[in-house]
Amino acid sequence: SMTFTKFVQIGRVAYIAFGPDGGKLCAIVDVINQSRVLVDGPSSDVRRQSINIKQLQLTKFIIKIAHSCRTGVVKKVWDAAEINQKWEETSWAKNIAARQKRAVMTDFDRFKLMKAKQSRNRMITSEMVRLTKLAKKKGFKSTGAKKTYPKKKWPKKTGAKKTGAKKTGAKKTG
């Protein structure tokens, strides 16, 4: 069974999900209590501050820093560990960048994207049709996604019809 691998610990690099510094990286410098931590992000423009843990999303990165170390030390270790470069290489950061890029698209950009996707899909479909025709000529059987199942034969109903009291259309008053 899988256990937790990302703990709230000193040196853990975290992504601030929302709030004034939302979308930035920071390092946990000190744990204040069950719900708050002291963070610092000198290389990502996050000032040293207390922040609620619910605002943070923990990353896989950890930097080796001492308990409550100064901002200059955090910056040196952060830059030495190349956290910003490692972060940019993650799929998480790439998805965030793509989402931001999509958010600033104009109507015309969305139209061009739609047309490009249509063109790509037409090319894929025509190539697929060409390959399936070629495969049929060579005698290969299609392993398409469409599967045919035999029709179920339901047993015929036998027996007498149900007889019961017919409901009347009288309204209840209550």
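When reading the values below, keep in mind they use all heavy atoms of this one structure, side chains included, and skip hydrogens, waters and symmetry mates. All residue numbers refer to positions in the sequence shown, counting from 1.
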Side chain to side chain contact (heavy atoms under 4.5 Å, CB included) evaluation trace for E127 with R130: CA-CA 5 Å; E127 187 66 19; R130 188 185 71 76; 2.6 Å; yes
Intermediate values then yes/no, salt bridge (charged side-chain N to carboxylate O under 4.0 Å, His left out), E89 and K86: CA-CA 5 Å; E89 293 170 4; K86 289 178 183 176; over 6 Å; no
Evaluation steps, side chain to side chain contact (heavy atoms under 4.5 Å, CB included), between T71 and R47: CA-CA 9 Å; T71 302; R47 63 181 177 79; over 6 Å; no
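Formation of a donor-acceptor pair under 3.5 Å by the S119 side chain with backbone atoms of K115 is not found in this model. Looking only at distances, no side-chain donor or acceptor of N52 sits under 3.5 Å from a matching main-chain atom of Q55.
In the hydrophobic clustering of ILVMFWY residues, with side-chain heavy atoms under 4.5 Å counting as a link, L25 and I28 come out apart. L134 and M128 fall into different hydrophobic clusters, defined by Ile, Leu, Val, Met, Phe, Trp and Tyr side-chain heavy atoms under 4.5 Å apart, directly or through other members. Put simply, V39 and V73 are part of two different groups of oily side chains (I, L, V, M, F, W, Y) that touch within less than 4.5 Å, one to the next. Hydrophobic clustering keeps V74 apart from V8 (ILVMFWY residues linked when any side-chain heavy atoms are closer than 4.5 Å, directly or through intermediates). I62 and L58 are not part of a single hydrophobic cluster, where members link through side-chain heavy atoms under 4.5 Å apart.
Between the side chains of D40 and Q49, no donor N or O sits under 3.5 Å from an acceptor N or O. Side-chain contact of S43 with D79: a donor-acceptor pair under 3.5 Å is present, judged by distance alone.
Rounded to the nearest 0.5 angstrom, F61 CZ and K6 NZ are separated by 9.5 Å. To the nearest 0.5 Å, the span separating CZ on R12 from CD1 on I65 amounts to 12.0 Å. The line from OG of S44 to CD1 of I16 is 7.0 Å long, rounded to the nearest 0.5 Å. One distance of note links OG of S68 with CZ of R48; it measures 6.5 Å at 0.5 Å rounding. In this structure, the separation between CG on L38 and SG on C26 is 10.0 Å, given to the nearest 0.5 Å. Taking CD of Q57 as the start and CZ of F18 as the end, the distance is 9.0 Å to the nearest 0.5 Å.
The one candidate from I51, I32, D30 that meets the side chain to side chain contact (heavy atoms under 4.5 Å, CB included) condition with V37 is I51. For the side chain to side chain contact (heavy atoms under 4.5 Å, CB included) with R110, the qualifying choice from D107, T106, L113 is D107, the only one to do so.
Annotation for K24: atom NZ counts as buried by contact number, over 12 foreign heavy atoms lying within 6.0 Å. Within a 6.0 Å radius of CD in Q118, more than 12 heavy atoms belonging to other residues, nucleotides or ligands are found.
Ring geometry for F7 versus F4: interplanar angle over 60°, hence perpendicular rather than tilted (30 to 60°). Ring-plane geometry between Y15 and W87 is classed as parallel, the angle between the planes falling under 30 degrees on a 0 to 90 degree scale with a further cut at 60.
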